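From a predicted model like this one, the values you see are computed outputs, not experimental measurements. What's counted below: heavy atoms across the whole structure, side chains too, no hydrogens, waters or symmetry copies. In what follows, every chain begins at residue 1, and chains take the letters A, B, ... in the order their sequences are listed.
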Amino acid sequence: MDIIVCMKRVPDSAARIQIGGDGRSIDSAGLEHIISPYDEMALERALQIKEEQGGTVTVVCLGAAEAAKEIRQALAMGADQALHIKSDVGYRDPLTTARILADHLKGRTFDMLLFGKQSIDADNSAIGVMVATLLDLPAVSLVTKLDAADGKATVEREAEAGAEVIEVALPAVFTAQRGLAEPRYPSIKGIMQAKKKPIEEAQAPEEAALITLEALEPPPARTGGRIVGEGVEAVPELVRLLRSEAKVL
Amino acid sequence: MATVLAYLETSQGKLKKSAPEVLAQGRRLADSLGATLDALMIGKGVAALAAQAGSYGPDRVLHVEHDALDAFTLEGYVKAAQAAVQHSRPSVVLVAASVVGKDLAAGLCAAEGLSLLADVVAVSAEGGKLTVRKPVFAGKATAVLSAAAERVVVTLRPNVFEAAEPTGASPPAEVVQVALDGVGGRTRLVELRAKESEKLDLTEADIIVSGGRGLKGPEHWHLIDSLAEALGAVKGASRAVVDAGWRPHDEQVGQTGKTVSPKLYVAVGISGAIQHLAGMRTSKCIVAINTDAEAPIFKVADFGIVGDAAKVVPALVEELNKLKE
Ligand SMILES: Cc1cc2nc3c(=O)[nH]c(=O)nc-3n(C[C@H](O)[C@H](O)[C@H](O)COP(=O)(O)OP(=O)(O)OC[C@H]3O[C@@H](n4cnc5c(N)ncnc54)[C@H](O)[C@@H]3O)c2cc1C
Ligand SMILES: Nc1ncnc2c1ncn2[C@@H]1O[C@H](COP(=O)(O)O)[C@@H](O)[C@H]1O
């Protein structure tokens with residue numbers, strides 16, 4: 001089974017996001033970066049499948065030169081090789097991102113192409129399905145279980161009505177939802193081996209933006225911090241506030 | 001004349017709660033752009049909903065009917081939406097940013113070469129330009145994005161926008177023909193395990209009661225059950241309790257769970273880690289119950305009670321039930 005995982009470098013989920021002086025970027029001073037968590041889950045499942053039945057795992061990352069660190073981490077976890085499509089563009093609209101990825105994936109052969117359900121910085125929940133559509137491949141999003149054999153994958157996904165079990169002819173695209181797999185930590189051996197694994201490099205084309213990022217703003221402030229009281233004595237006052245002030249009851 | 005196309009999601013023969021929200025924004029944008037408003041439904045038997053959809057104010061109701069569209073499949077629904085887009089030639093397409101809506105919007109954009117403004121919480125049109133606000137970095141910042149009001153799809157975060165009220169109007173309904181031969185053969189639904197009862201999805205809920213590790217164990221979840229029942233709420237959970245296996249992960253709220261914006265969010269025994277706040281900080285009113293007065297959840301809570309959930313929750317349930325008498 002040959003599997004490609006698309007992974008993005010994003011600010012750590014625990015990081016505070018400070019807006020930069022230009023008002024349209026984030027202040028990256030001291031900011032830690034990680035592989036976007038859902039992409040890491042997809043990668044983990046890909047590695048497990050490779051370990052069960054052989055094959056290769058390739059990671060593809062469109063991002064800044066610094067993303068080499070997260071790519072090495074993926075290789076240290078066990079991926080065999082990587083494609084780094086380099087780009088310095090801060091904001092890129094989802095269709096343009098999907099087109100760049102699809103252009104690079106077009107000529108490659110694979111059984112499965114995995115994505116995270118969502119990147120935790122752009123939060124578009126779009127790229128996986130877009131790439132699948134551009135490549136004319138079947139796709140199932142939000143998979144929490146994924147098994148593959150004999151040219152066919154069986155996945156479980158979380159739909160609003162309940163859990164769906166779906167069979168898909170390969171090659172196909174899946175996006176990972178929490179529950180699919182818990183990412184491993186790279187072993188020392190893995191880290192050593194990663195240094196010798198090949199990273200192919202390409203340059204992202206300069207595309208006209210379809211969408212303009214006008215500004216980044218802090219989230220709407222919450223005027224929280226009002227402690228109604230302590231213990232059960234505070235309950236009647238809480239209910240009164242919810243009824244007459246917040247008007248939510 | 002320009003057109004705005006509003007996709008209305010349906011489920012089990014009913015319009016979803018997002019439909020009037022999407023139509024209200026559709027009407028607003030159509031008026032600012034001097035455009036007409038088309039509503040679109042896709043599925044099997046959706047024609048029966050045309051009158052109801054029409055009552056929310058579109059100028060036309062389009063529906064794509066096909067037996068193969070009974071259940072959502074990405075390929076089938078994208079084909080259907082493409083047929084509707086080719087029929088109505090909209091400059092702007094509006095879709096709810098739900099599980100189905102996100103897939104449909106992404107697929108449609110790729111298939112038709114439309115740009116995507118995803119999961120927005122505000123949208124306006126002026127001088128042929130759309131401007132939206134969209135939470136990014138899991139809600140830790142808001143991006144202001146703009147695009148030409150032309151060949152663009154906007155997905156609207158559920159539960160954020162005001163819903164349209166039904167009027168007496170009944171605009172014309174049109175069937176859009178779509179050939180779906182050979183579509184959907186690559187994916188096959190083999191089983192659907194429906195959720196217990198007709199449980200409302202967290203993202204659609206008006207009131208949510210979530211529990212965290214402060215509950216001390218799954219055997220105390222009856223506290224959350226009873227408070228949820230007293231409030232008519234949907235139940236959520238922190239990641240700590242999902243990881244511990246106390247609750248299923250479709251209940252998880254936060255950065256790697258669901259993003260919710262209910263009218264009322266009650267956090268019981270939840271510390272308020274940044275990843276949890278990412279999923280619920282846009283709730284209209286937040287209540288926290290926690291033994292630790294320093295817990296970060298109190299910084300975002302509109303109202304907090306410092307106390308033991310095992311004592312405060314039953315008292316709260318009792319007080320709420322008094323209101324019903
Ligand atoms: C990449 C990543 C993604 C993550 N995504 C999410 C996510 O999506 N959602 C999420 O929730 N977390 C997420 N987390 C985890 C997050 O960092 C926290 O660990 C988690 O939210 C803590 O859950 P908790 O508040 O239930 O538990 P704790 O932090 O242990 O808090 C328990 C709280 O209960 C209080 N308490 C104790 N006893 C009582 C009592 N008797 N009555 C009332 N209160 C009491 C305590 O004072 C404490 O504040 C993520 C973490 C990472 C690294
Ligand atoms: N720049 C990128 N490079 C590689 N993969 C990406 C990139 N951006 C997004 N993806 C993939 O697409 C998924 C969905 O991202 P998004 O649509 O931005 O929420 C992510 O989880 C990644 O798997």
Is [X] close to chain B through its backbone or its side chain, or both, or neither, when contacts mean heavy atoms under 4.5 Å?
X      : value
A:I120 : both
A:R24  : neither
A:K152 : neither
A:L170 : neither
A:E156 : side chain
A:A153 : neither
A:L95  : side chain
A:P220 : both

Using side chain to side chain contact (heavy atoms under 4.5 Å, CB included), reason through A:I127 and A:K8 one step at a time and then give a plain yes or no.
CA-CA 11 Å; A:I127 306 296; A:K8 190 178 189 186; over 6 Å; no
For A:K106 and A:D136: C-alpha separation, side-chain torsions, deciding distance, then whether salt bridge (charged side-chain N to carboxylate O under 4.0 Å, His left out) applies.
CA-CA 10 Å; A:K106 217 179 299 166; A:D136 190 27; over 6 Å; no
Toward chain A, the part of [X] with a non-hydrogen atom under 4.5 Å:
X      : value
B:E318 : neither
B:L231 : side chain
B:I274 : side chain
B:E112 : neither
B:L316 : both
B:D308 : neither
B:K299 : backbone

Heavy atoms only, distances under 4.5 angstrom: which of [options] has the most pairs with chain A? Name it, please.
options                        : answer
B:V152, B:L323, B:D119         : B:L323
B:E319, B:K322, B:R151         : B:E319
B:A71, B:A106, B:S146, B:A147  : B:S146
B:L116, B:V287, B:T256, B:V136 : B:T256
B:T155, B:T142, B:T259         : B:T142
B:G307, B:A301, B:A273         : B:A301

With the side chain counted from C-beta on, respond yes when [X] and [Y] share a heavy-atom pair under 4.5 Å apart, and no when they do not.
X      : Y      : answer
A:P183 : A:M77  : yes
A:L113 : A:C6   : yes
B:L117 : B:V123 : no
A:T97  : A:M130 : no

Does one side chain, of [X] or [Y], offer a donor that lies under 3.5 Å from an acceptor on the other?
X      : Y      : result
B:T282 : B:S261 : yes
B:Q275 : B:R239 : no
A:E214 : B:T131 : no

Under 3.5 Å: donor-acceptor pair, side chain of [X], backbone of [Y]:
X      : Y      : value
B:E204 : B:P158 : no
A:T144 : A:Q177 : no
A:S28  : A:L31  : no
B:D206 : B:K263 : no
A:S36  : A:D39  : no

Under 4.5 Å, counting heavy-atom pairs only, tell me which of [options] racks up the most with chain B.
options                        : value
A:V131, A:V228, A:T175         : A:V228
A:A169, A:A163, A:A126         : A:A163
A:S141, A:G229, A:P218, A:A234 : A:G229
A:L134, A:V168, A:D121         : A:D121
A:T154, A:D93, A:T133          : A:T133
A:A139, A:A221, A:A14          : A:A14

Under the salt bridge (charged side-chain N to carboxylate O under 4.0 Å, His left out) rule, what do A:E207 and A:R99 come out as? Steps first, then yes or no, please.
CA-CA 10 Å; A:E207 306 236 354; A:R99 281 174 169 161; 5.4 Å; no
Please determine if B:D201 and B:K17 form a salt bridge, counting it only when a charged side-chain N lies under 4.0 Å from a carboxylate O.
no
For B:Y265, the option from B:V253, B:V209, B:I207, B:V300 that meets side chain to side chain contact (heavy atoms under 4.5 Å, CB included):
B:V253
Please step through side chain to side chain contact (heavy atoms under 4.5 Å, CB included) for the pair B:K258 and B:D250, ending with a clear verdict.
CA-CA 8 Å; B:K258 297 212 160 112; B:D250 65 352; 3.9 Å; yes
Begin with the C-alpha distance, continue with both residues' side-chain angles, and end with the deciding distance and a verdict on salt bridge (charged side-chain N to carboxylate O under 4.0 Å, His left out) for B:D302 and A:R222.
CA-CA 8 Å; B:D302 296 278; A:R222 287 206 72 94; 2.7 Å; yes
Residue-level contacts of residues 236-249 of chain A with chain B, using a heavy-atom cutoff under 4.5 Å
A:P236, A:L238, A:V239, A:L241, A:L242, A:R243, A:E245, A:A246, A:V248, A:L249
